[in-house]
Amino acid sequence: DTRLTSLDWLALLLVLIGGVDWGLVGIFRFDVIAWLVGPMSTAARVIYALVGIAALYCLLAAPGWRRERRISPD
């Protein structure tokens, strides 16, 4: 099966959230996560950690996603 799993989609979503957040920090000095849950609060730290873990997961899983999606000549 070449479909992404629920875990794959969750990891991608977290990486996108983190990427948008860092983009906003870099461009506007506005941290959405800190604004929503408090700067360096426990909740913010958990979210940042989950984004980091998701990024590592995507880094390790992405080569397999690409291999599975190749179309074989039939």
Are I27 and I33 co-members of a hydrophobic cluster defined by side-chain heavy atoms under 4.5 Å apart? yes
For the CG atom of D31 and the CE atom of M40, what is their distance to the nearest 0.5 Å? 9.5 Å
Return the set of residues passing side-chain contact (heavy atoms from CB on, under 4.5 Å) with S6 (not counting sequence neighbours), or none when no residue passes. none
Between atom SG of C58 and atom CG of L14, what is the distance when rounded to the nearest 0.5 Å? 8.5 Å
Within the structure provided, determine whether L12 and W65 are in side-chain contact (heavy-atom separation under 4.5 Å). yes
Over all atoms of both residues, closest heavy-atom pair of V37 and A43: CB-CB, 4.0 Å
Would you please test V25 and W22 for side-chain contact (heavy atoms from CB on, under 4.5 Å) and show each step? CA-CA 5 Å; V25 168; W22 274 105; 4.2 Å; yes
Smallest heavy-atom separation, A11 atom then Y57 atom, equals CB-CD2, 3.4 Å
Just verifying a value: how many Å separate I47 CD1 and D21 CG, rounded to the nearest 0.5 Å? 9.0 Å
Could I get the full list of side-chain contact (heavy atoms from CB on, under 4.5 Å) partners for F30, not counting sequence neighbours? F28, V32, W35
Just one of L13, V15, V20 clears the side-chain contact (heavy atoms from CB on, under 4.5 Å) bar with I17, so which one? L13
Could you measure the distance from the CG atom of L50 to the CG atom of L10? Nearest 0.5 Å is fine. 8.0 Å
From CG (L36) to OG (S41), nearest 0.5 Å: 10.0 Å
